[in-house]
Amino acid sequence: MRNVVFVEGVRTPFGKAGDKGIYAGTRADDLVVNAIRELLRRHPELPPERVDDVAIAATTQIGDQGLTIGRTAALLAGLPKSVPGFAIDRMCAGAMTAVTTVASGIGFGAYDIAIAGGVEHMGRHPMGEGVDPNPRIIADKLVDPTALVMGQTAENLHDRFPEITKERTDAYAARSQERYAEAVKTGKIGPELVPVATRSKELGWGLATEDEPPRPGTTVEQLAKLKTPFRPHGRITAGNAAGLNDGATASLLADEETARELGLPVAMRLVGYSFAGVEPEVMGIGPIPATEKLFKRTGLSIDDIGLFEINEAFAVQVLAFLDHFGIDQDDPRVNQWGGAIACGHPLASSGVRLMTQLARQFAERPDVRYGMTTMCIGIGMGGTVIWENPAFEGAK
């Protein structure tokens, strides 16, 4: 097996889904095409014909997110017609699965270099658009009816872990907004963003250069007053959950020897990955068994992980993970630049956002050897990837 490295990741600014969002008049495929083009622009040392495959994820593979989007996006981005591509769907972990899939091919020797990413235009294509779930899923009681509504699964998680109160989730959400705002202010978030031309019927042409969803200055007192749409007197609100968003990501992965040969930077080295299934009605606990499974395979433990990027689909899901592993919810190792509650969660694209942020944090932290990206996944799954910091100086 060969060493697989993460060269770099980029993303579009994330927008709010809907008629008033920045990408209301922008095609989904154009979002991911912008991201791929930016990767190629940043790495002129990479001959485009050396890209062996392009894997692009989308949860709702319909319309401008359909038609084997990995292939069509590769063509639209200007890659040679000899470069193939394919589409992937694993709900929220689409981009994460795109990365692990091509990484497996690189490790096995089928590829030397590949592009992996994801896109979700939830304004054009709401989650579940055009699907026809088999009625036996409910009729045969394979899952609880709440399993198909993500907000209800988060309420179920609160039921299972009553010690995770709404007060705790609101405090976590406010902290995510605060950390994100500080990261933008200090320039930690921004260099990975790809400007995107936008079009509005009312405003004409524009340029998206920053995330649209963040609410800087959010307080716990403000969050406490929000409605609970999934259950009367519930605990999940628009403030302690990620919103409905549009955006795209793309990353470049390579065999380490090939990267060195071409002069490509090595931002992270893949250690291992794992996916696990859980009861769909409490899908938020998915990262826990996925991480435990990966620890068994790698021989590592939670004490070896120096940085965590946990997708914030819901604050309760993050807190369930942290409580399980005995980590304080304000631990500076966790989502130190904020998370999806602040910047947004365009479903299938988010996995590469996590990886991109971890890679940039590694560059600043030669004292940290291992980092983790992990996320819960709709219909009852979790995914975890462990990475090694090539800048680690512990051996010295």
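Here E256 pairs with R260 in a salt bridge; the nearest charged N to carboxylate O distance falls below 4.0 Å.
Distance CG/L148 to OG1/T153: 10.0 Å, rounded to 0.5 Å.
Between E129 and Q65, the closest side-chain pair of non-hydrogen atoms is not below 4.5 Å. Counting heavy atoms from C-beta on, the side chains of F308 and V318 never come closer than 4.5 Å. Inter-residue side-chain proximity for E155 and R235 is flagged as met; some heavy-atom pair is nearer than 4.5 Å.
Here T100 pairs with nothing under the side chain to side chain donor-acceptor pair (under 3.5 Å) rule; sequence neighbours left out. D52 pairs by the side chain to side chain donor-acceptor pair (under 3.5 Å) definition with nothing, not counting sequence neighbours.
Side-chain atoms of S274 do not come within 3.5 Å of backbone N or O of T384 as any donor-acceptor pair. The backbone N or O of Y23 sits less than 3.5 Å from a side-chain atom of H121, completing a donor-acceptor pair. Looking only at distances, a side-chain donor or acceptor of T237 sits under 3.5 Å from a matching main-chain atom of G239. Under the 3.5 Å distance criterion, the side-chain polar atoms of S176 are left unmatched by any main-chain donor or acceptor of G338. The closest donor-acceptor contact from the side chain of R369 to the backbone of E393 lies at 3.5 Å or more, if one exists at all.
Each salt bridge (Lys or Arg N to Asp or Glu O under 4.0 Å) pair with one or both residues in residues 282-311, not counting sequence neighbours, would appear here, but there are none.
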>> Determine whether Q61 and D89 satisfy the following criterion, side-chain hydrogen bond (donor to acceptor under 3.5 Å, both in side chains), listing intermediate values before the conclusion.
In response: CA-CA 8 Å; Q61 296 190 11; D89 172 21; 5.1 Å; no
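Ring geometry for F321 against F325 counts as tilted: the plane angle lies between 30° and 60°, on a 0 to 90° scale.
Under the side-chain contact (heavy atoms from CB on, under 4.5 Å) rule, I69 has a single partner from D64, I56, I88, which is I56.
The two residues G18 and A24 have their closest heavy-atom pair at O-CB, 3.5 Å.
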